[in-house]
Amino acid sequence: MKIRFVLLVAALSFACTSAYAQKYEGVVDKIIAVVGNEAILLSELEAEIYGLMANGEPVDRHTRCDVLETVLENKLFLMQARIDSLTYSADMVEMSVNQRVDFMLARLGGQKELEEYFKRPLYKIKDEWRALYKDLSLIEQMRSQIQGDIPQLTPRDVKDFVDSTPEEDLPIVPDQYQISQIVVYPDKENAALATKERLLELRERVMDGESFSTLARLYSQDPESARKGGELGMSPKTIFVPEFSDAAMSLREGQVSQIVETPYGFHLIQMIEKDGDMFNVRHILLRPEYTSDDRNKAYAKLDSIKNEVLSGTLTFEMAAKANSDDIKSRTNGGQMVDETTGSVYFDKDHLNPVDYNALKDLKVGGISEPFQSVSGEEEADVVYKIIRLDNFIPSHTATFEQDYDLLLTRATEKEASKAVDNFIKDKIASTYIVIDPMFRECDFEYDGWFKD
């Protein structure tokens, strides 16, 4: 099967001039294909190839053919999108351009370096990327429209899909765990206060003349930057959380911030250099730490709750509603929901490793011993919990009776893929297409690209 690539992204990130010159020395850039009124340049193809190489993707003699066919397909989608008068969100395009610019600024070290790398001013780079993102938006919309136009599948359609698919090609459902939890938070206020006091001591040491870099290496809990003396490198402010970037941008060069709280913990920030909306800073990160007393108190409370449940004094659901500090699961009687899928069943890979370790040896209905885990968007918050294994479904080949939703998704994906294939075949047959003979030996997936 032909390799599929995410198109246009490579061209957005990498200059292809040097690679193009090496591959086709002495060849002036030229049109290598025409699809309707859309031309494809040799340099456009090589931009994709160079981007794949720079990202470490394997490239062989078939790669150019695969990439060219994908570019040809995209031109068909783009033409139809324009015929159908599809529109793009200018705000979304601009956001994508700015995110790409910020990424490359951070990667290359600043606007001057970016302009030298691409050999043109920033406004021209943004204009080119803006045009590419506009096209990409239209292409994605056209694909989505084609896929969305397929009829809604019925249970009979799904059953036919299962019956016509060899068993070895049906999806494998991994082990599934349904679990409930009771969570106890430690005393966050006292831990946060102790962390702030430690940072204030470090700040005083800096003010007294000690090296910020040395203290960052010794104490910062951000390992990557700690190795560099806390330095983060010249970066756009938009890549940091607002609390951090706002505090940094308010500093003068050499100035050290007061304590800054972010979802990652508490920071001291020292400004090194500012250039417009970019800055380079050092920081020291400390996270709240909890004592053995905190853990012992939580474990004692959870042990007591577990014993009441096991003795029949109250149910696990009642105990969770009355005692759990986790609001989301508490309202459901402790039952956890996989936020990535919306299901009450978790794949092993979707479980916190600490939680999985606590439940992997439980039998259905069993309750774990109290243990320390983590929570929060950054999984940086210490919590203590007990969990109950409510149900366990071993790994198996998907069945109509047990895994209808999964099979419906797969059957729908298959029909959507057929719809896209039919669109491409129809457009190849009805569209004016010319491809340079240098690609005559390509083994394209679709027939009819060459109009003999």
Side-chain angles (χ1 to χ4, degrees), residues 1-82 88 93 96-97 99-101 103-104 107-108 114 117-120 124-143 420-421 424 427-428 431 433-446 449-450:
M1 180 177 289
K2 180 166 72 73
I3 299 173
R4 296 290 180 184
F5 299 98
V6 179
L7 293 190
L8 304 180
V9 174
L12 289 165
S13 302
F14 298 96
C16 63
T17 306
S18 59
Y20 169 75
Q22 292 170 10
K23 177 68 181 176
Y24 300 102
E25 187 174 356
V27 177
V28 177
D29 194 14
K30 66 173 186 175
I31 294 174
I32 57 171
V34 176
V35 180
N37 57 359
E38 298 282 340
I40 300 171
L41 296 176
L42 183 59
S43 58
E44 183 181 347
L45 175 64
E46 288 307 307
E48 300 289 350
I49 296 297
Y50 183 63
L52 292 170
M53 293 170 61
N55 279 325
E57 297 287 342
V59 173
D60 59 25
R61 64 190 182 89
H62 301 293
T63 305
R64 282 178 175 78
C65 294
D66 289 344
V67 172
L68 176 59
E69 185 169 24
T70 310
V71 174
L72 291 166
E73 294 168 13
N74 276 358
K75 295 298 183 183
L76 295 176
F77 291 120
L78 187 58
M79 285 176 55
Q80 190 61 46
R82 288 172 175 157
Y88 57 85
V93 167
S96 297
V97 171
Q99 288 175 344
R100 177 58 56 177
V101 169
F103 173 81
M104 295 305 294
R107 177 171 181 165
L108 298 174
L114 178 68
Y117 184 83
F118 287 101
K119 296 180 172 55
R120 46 195 178 275
K124 285 191 175 181
I125 297 171
K126 294 181 77 170
D127 284 345
E128 292 171 8
W129 290 357
R130 194 173 288 113
L132 287 167
Y133 272 118
K134 288 176 183 177
D135 286 353
L136 184 58
S137 177
L138 293 174
I139 290 166
E140 291 176 342
Q141 284 186 67
M142 193 67 244
R143 270 185 173 272
V420 169
D421 283 346
I424 293 172
K427 290 302 175 183
I428 289 174
T431 303
I433 300 173
V434 178
I435 302 175
D436 192 288
M438 68 190 296
F439 296 99
R440 173 63 71 170
E441 300 303 315
C442 284
D443 183 20
F444 290 136
E445 180 176 342
Y446 294 98
W449 289 116
F450 290 98

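In what follows, residues are counted from 1 in the order of the sequence shown. Keep in mind that the numbers below use all heavy atoms, side chains included, and drop hydrogens, waters and symmetry copies.
- With contacts defined as side-chain heavy-atom distances shorter than 4.5 Å, the pair Lys427/Lys75 does not qualify.
- Residues Trp449 and Leu68 have side chains not in contact (no heavy-atom distance under 4.5 Å, counting atoms from C-beta outward).
- Residues Leu45 and Phe439 meet the side-chain proximity criterion, which asks for heavy atoms closer than 4.5 Å.
- Comment: Glu46 engages Arg64 in a salt bridge, judged by a side-chain N to carboxylate O separation of less than 4.0 angstrom.
- Once rounded to the nearest 0.5 Å, the distance linking CD of Glu48 with CD of Glu57 reads 12.0 Å.
- Using a 4.5 Å heavy-atom threshold, the side chains of Leu76 and Glu38 count as separate.
- For the atom pair CD (Glu445) and CG (Asp66), the distance works out to 9.0 Å, reported to the nearest 0.5 Å.
- Judged by a 6.0 Å distance limit and a 45° cone about the ring axis, Arg440 is positioned over the six-membered ring of Phe450.
- Side-chain contact between Phe77 and Ile424 is present, with heavy atoms from C-beta onward closer than 4.5 Å.
- Atoms CZ and CG, from Phe103 and Leu108 in turn, are 9.0 Å apart once rounded to the nearest 0.5 Å.
- A 4.5 Å side-chain heavy-atom check between Met104 and Phe118 finds at least one atom pair inside the cut-off.
- Annotation for Leu41: atom CG counts as buried by contact number, over 12 foreign heavy atoms lying within 6.0 Å.
- Using a 4.0 Å cut-off between charged side-chain N and carboxylate O, Arg130 and Asp127 make a salt bridge.
- Counting only N and O atoms by type, the side chains of Asp60 and Thr63 include a donor and acceptor under 3.5 Å apart.
- Smallest separation of non-hydrogen atoms from Gln141 and Tyr88: NE2-CA, 3.7 Å.
- Here the straight-line distance linking atom OG of Ser137 with atom CG of Leu78 works out to 10.5 Å at 0.5 Å rounding.
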Please report the C-alpha distance between Arg82 and Asp135 in whole Å, then the side-chain angles of each, then the deciding distance to 0.1 Å, and finally whether the salt bridge (charged side-chain N to carboxylate O under 4.0 Å, His left out) criterion is met.
CA-CA 10 Å; Arg82 288 172 175 157; Asp135 286 353; 3.1 Å; yes
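- Side-chain contact between Asp443 and His62: absent, with no pair of heavy atoms (C-beta onward) separated by less than 4.5 Å.
- Within the 4.5 Å cutoff, no side-chain heavy atoms of Ile125 are placed close to those of Val101.
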